Structure formats: C-alpha cells, structure tokens
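Each chain gets a letter, A, B and so on, in the order the sequences are listed, and its residues count up from 1. Since the structure is predicted, the reported quantities are computational estimates derived from the model, not experimental observations.
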Amino acid sequence: MLTVQNVTKRFGSFTALEDINLEFGKGVYGLLAPNGAGKTTLMKMIVTLLFPTKGRILCDGKEILSMGESYREKIGYLPQEFGYYRNDSPRQYLRYLGALKGLERRAAEVRIDGLLEKVGLADVKDKKMKKFSGGMVQRVGIAQALLGNPEILVLDEPTAGLDPKERARFRNLISEFSKDRTVILSTHIVSDIESVANRIVMLKDHSVYCDTDCSSLCGMMGGKVFECSVPQKDADSFEMSHLVISRREETGQTHFRFAQDGEKGLPPQAKPVQPDLEDVFLYIYRED
Amino acid sequence: MRVFICQLKRIFRAPFFLGLLAVFLAFDLYLVFSEASGHKNDWENCRRSVNMVNSVAEETGTKINSTDFKKKFAVVLDSHKRDLKSFYHQKTGKESDDLSVMLDNLEGNIYQMTRGEKNRLYDDTTVLNMENILQNRFGVYRNTDFKKDGETYIHEEKLEGFQAEFIRKNSAALQSRVKEIETDGEEDELYFPGNMCRTHGFLYGILFRALVFESALLGVLIMMYIVNFEFMHGTQALAYSSRRGRKLATNQFGAAFISGLLVPALLMAVVLPAYFALFNFSNLWNVSVSSPLNVEMSGIGFFPVITWTRMTVLQYLWATIGIAFALQAVFCLLAFAVAVFFRNNYAGFIIYAILSMGIIMIPERLPWSTPLPVITAANPFTAWKNCGSWLALSEPTLTYPTYFPVLFLLWGAIAAVVIFFGVRRFRRADL
C-alpha cells in the first residue's frame, strides 16, 4: 500500500500541490487532470525524484525516503519526457537499465527478450534507437518500466506517440500486469484509462478533486449530458452558449454532444445520453 | 560492479576519448622524434650527444674525479681527437693540431656533409666539449654564494617582512644543499651536459609538461562527460529513480577517476619508452640529477638543476611520474567538484578553464607581506606551469622543499570540501 500523507510541494513561491492525501493499493489508478495540475509532480515524488515540502509518502507504513534501495527496487517508472541513448539498441539500453535496477545478468536477458516481444519490438531489438519513430521509443520506455517486474508501476503519459493499435496493445499489457500490483498512470487520452482503471484520481486547483471509480464518476454527470442536432447556420451560436463536448458535421446539420446543469435553456430536440469519462473531464475542467 | 563496468565501457567508447588519445600520442611522439632527429639546426644533434655521453660513461664510469675515469676518459678523448684530425684531413686535405681551427672549418662545411659525416662530427664534438665542461664544472657551484645573492636581491628590491625572510630561508637552504653537493660527491658525477644534450629541459620541461597537460585535459573531459551523462541525454529521471538511484554518482565518479588516472599511464607507456629507446640513459640512471653538468637555460637564466635532496636520474624520473599521477588525481577531483555543481558539460568545462587560469594568476597579485603568495602558488595549475623544476629550486621566491606535500594536502582538502557539499546538494536536489 502506497500512502500519500498531507503532501505539499512548493517550488519557490509557487505551490504545485497542496495537502494531498491518497492511498494506492493493488489495481490501476488513473491520474486525470489538465496540464500543470501537478500530476507529474506527484508522480516524481512517488519515485523519489522530488522531495515533498511538507508531508510524507509511505510504502507499507514506512517512509519511502528512508527505505532507499529497498523501495526503489519495487518501482517501475516511465517519465513524461523520456530520454534515451541514441547510439544504443533497445537491448543495450535495457541491459544498462537492468544493471541499474539490480537485475542479475542472465535473468535480465530473458526478461528483455520477453518484454521486447510484448511491446512489438523483437524485430528491431539490435537496431540503434536513433532510427526509431517516437512511438517505437515510447514502447522501449514501457518495456524498461516493466523490466524489474515492479510492484508499483508509475507511468506518466505512457501512450503519447502511440497509434490506436499500439494503445490497445498497451491497455492489454497493463491489464495483464496489474494483477496484484499497483499501477498509477496519468494521461490526457481518457479512453486509455476508462477501460482499465479501477479508480480515477482527479486533481484540481493543486488538490485532490475526487478519488473514486469510473462508474461513480460518470454517475456524477447523470442527467447532465445531452445530444442534439441543429441547423448548420445556428451551429456557431449554439456552441457559444453551451459546454460542447464534441461536434460533428452532417448534411445540413451539426450534431452536438454537450453538458448542461438543469433543463433551463435546453433545446427541445436534445436527448439525454449516458455520460462517459471524457464528458466528466471536460465538465469539471471547463473553466481551465 | 556491473554498473561501474558499464560506465567504464561508456568512457572507452566515447569518440573524444580515443580521438584525443590518438592525437596526443601522435603529438608527443612527434615531439620526441623531432628532438631526436636534430632538425633544429645542423650544428647540433641532442640525441647523438646524449648517446655519445652514455657510451663514454660505459667505458669510463661516472665518477669524474676517480683515477680510473681520468685514465679512461683520456683514452676516449685521444681517440676522438685523432678521429677529428683524420676527418679534417679527409674533408679539407689539410693537417692541423688546432682543435678550434679544425672545428671551425668543418662546421663551416657542414652543409656539404652526408648524414654519416655529420654524425661523426657530432660525436667528436661532444667528447671534445665534454673535456671543457668537466674541467669547468666547479665554477657552477663553488663560485656562487647563494646566501649572499639572496641578501643582495633583498636589498636591491627593498624587500622586507615575510618575503625577505622567505628568500633568506630559501637561500640558506640552497647554500646548505650546494655544500652537500660539493662534499657528498654529486659534484663529481657525470651527467648529460645541459647545453649540448638538453635532456632535463626537454624531458621534464617540454615532454612531461605536454603529458601532464594532455592528461589533465582528457581527465577533466572524461569526468564531466560521465558525471553529467544522464543529464546531457535526458535520462536522469530513469537513472536516478532506479534501484541504484543517486548512488549511481559514486559509480560514475569511480569509473571517471580510474579512467582519468589511466590516461597518463597510457600516454607514458608509449611515449617514455619511445624517448628512452632513442635517448640512451642506460649508464647514467644512478648519477645525481644535481650534477654541475646539468645546467640549462631556464626562466632565471643559466641555472643548474638543484634538487632539494640528492636524487638519482632514475629516482627523479619516478618522482616526476608519481607527481604527475598525483596531480592528475587532483585535476580529476576538481573536475568532479565542478561537474556536481554545473550539470552541463560545456558550462562546466568553461568554468574549469577560467578557474585554472585565475588560480595561476592569483599568487602574483597577493601582497608579499603575508604568506599568501607562497600558499596560493602551491596549486596544481602553477605546478604544471613549473614542470621541469619540480623538486628543485626554480622561482626563488616561490619554491620550497615542502611544496608538493602542501599542494596535495591543501588541494585535496579543497576538493574534498567542495565535493562533500556538492554531493550533499545532489542528494537533496529535485530532479
């Protein structure tokens, strides 16, 4: 169990996170918030790259900063900005990281081959990474995060640069991996966590806004999400007067999905629909 | 251990490491072969002179005042005089017993000689010059009163306070050492005459100075490259969140430090054997470096090499090598100290270069009413500048017997303190 206890983080006069209290047990936790909300800051504190200004982070009751190596060997981390050694192949790169993670050489070789197979890079395992696309590099990053078979996996924007097929493969990988493990992942691609996350943590104004499961979160928006079609000539004025979630042009008509509190001003042709996580995200962060 | 080996491999695979090593080796070997080839002018050839003196020593021994030496040297001298006469007759068709006439005429025709003929002339000239040098060797020390010279200097420059006392003390120590040279037999030991052979000036003043500079440059580059490697590649988040964590810096330091010490070893392992293969010292390893024959032009005029204590050629060579390695260790430690504060290689290197130039200039700008100029001159950069005068008197105002112990203690302590604070800062830094 990973416990974030009254954690505040300040950078000079700027407060990135204020009085955060969270608990992460086994399962997948989606960290959802817009840019600058403090997701990366929280994740970096969990992996000991940053130190809390106040409060502490505990792993099974012990403070992670005092645990040292015994804590860090439980972690797998994929940062948002992921650096690599251009002249290394994925295999060489993972070998080095395997050494840093304290893996025994032979066990690391077997694991590396298996992981590269899982992320679809077995064919290029000995090619230099400077020739890779962004998506291929990201897959190497995912592989290195899983390399040490970590108990706690922290992934910051893991699907950035991945195409839909790769994102689907990633979701399956995480689902498979998350049995009896803690996975914390942050993303802007709501659909990535909608199907895999057991709990969603949303940050707003540098604090925890909510920490609940997906269905409860979507339930908060019950009766607030609608769809309707309006003539194209009225589409722009409609968009300006409503919180539009999505817009689709059809022949002569514009189809809108939008959120609204209450029925005042609701177009007669609007029909309520089942809200999803993206609806929730756009509604909660509508002022940002 | 695996992490440490990974860092070492990274250093050895770095293009700048092999590239610069090759360039430095090529340059040093060029220096050696250039000195050996006698390109400088046609009237002298240091290598032939050195090898000639060494071969004379093989026949005569090295104790100049011994009866055995005098007898055998007379035989060698006579042999070369006859050879010179024969050569003179061969080239000019004339006969002469006047050595200066023969030498003037032959040297005037040197452009028309073959390489073999020039070598013959060099050999004869070396032995003939040796006769004069050996006879006049007592003038190097016995006519000099360093204590009196020190007082004269103090009076003329109107010095007082700490500086006057420092010079007085050094002059007294120098006079005492000179007395020792006169009484313990160093004065009567054969050595490579400085004006003909230039062994000390070239080997220690030029070659070792180049070796120390090249080693320092490469050592500093290695240290900055490895210590900041993760930051320069943007991989610090992965590296320092791993199980090894921030202790990775220890492996990086260890690998860079050992590689830094390997650099002078590699350079010396190639360059010094090349030098000694061309310049034969085999019969003169056990003579004193402070022999009165070891007089060359230095920054303070023609000055003998006077070591603070008796040292043979071999001992002096090993001591120089040891000091070079110790200085390299200090350069590497200072580079680490800069690297932990400046997490950018380019900025770190520029800062290091500026600091080194500044540290060299500081002693000259400090007041001599205090010991500060003496203390601050005990730094690795000034030591490098004075390469060629190590363990001996050079700048009369700044050198003293405990120069190197003071240097290593002081700069070891400075590096340790800066590193301590740097590492502590890194351990608590947000990454």
| query | For A:Leu50, is it the side chain, the backbone, both, or neither that has a heavy atom closer than 4.5 Å to a heavy atom of chain B? | reply | both
| said: Take a 6.0 Å sphere around CZ of A:Phe11 and say whether it holds more than 12 heavy atoms from other residues, nucleotides or ligands. | reply: yes
| Is it the case that more than 12 heavy atoms not belonging to B:Phe408 sit under 6.0 Å from its CZ atom? | yes
| said: Less than 4.5 Å to any heavy atom of chain A: does that hold for the side chain of B:Ala429, its backbone, both, or neither? | reply: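 It is the backbone, since no side chain atom gets that close.
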Is there any N or O donor on one of chain B and chain A with an acceptor on the other under 3.5 Å, and could you list each such pair with its distance?
residue, atom, partner, partner atom, Å
B:Arg2, NH1, A:Leu103, O, 2.4
B:Gln7, NE2, A:Tyr96, OH, 3.0
B:Arg10, NH1, A:Tyr96, OH, 3.3
B:Glu230, OE1, A:Tyr85, OH, 2.5
B:Glu230, OE2, A:Tyr85, OH, 3.4
B:Glu230, OE2, A:Tyr96, OH, 2.7
B:Gly234, O, A:Gly83, N, 3.4
B:Thr235, OG1, A:Tyr85, OH, 3.3
B:Ser242, O, A:Arg72, NE, 2.8
B:Arg243, O, A:Arg72, NE, 3.4
B:Arg243, O, A:Arg72, NH2, 3.1
B:Arg243, NE, A:Glu73, OE1, 3.0
B:Arg244, N, A:Leu100, O, 3.0
B:Arg246, NH2, A:Thr48, O, 3.1
B:Arg246, NH2, A:Leu49, O, 3.2
B:Asp430, OD1, A:Lys9, NZ, 3.4
B:Asp430, OD1, A:Phe51, N, 3.1
B:Asp430, OD2, A:Lys9, NZ, 2.7
B:Leu431, N, A:Leu49, O, 2.9
B:Leu431, O, A:Lys44, NZ, 3.3

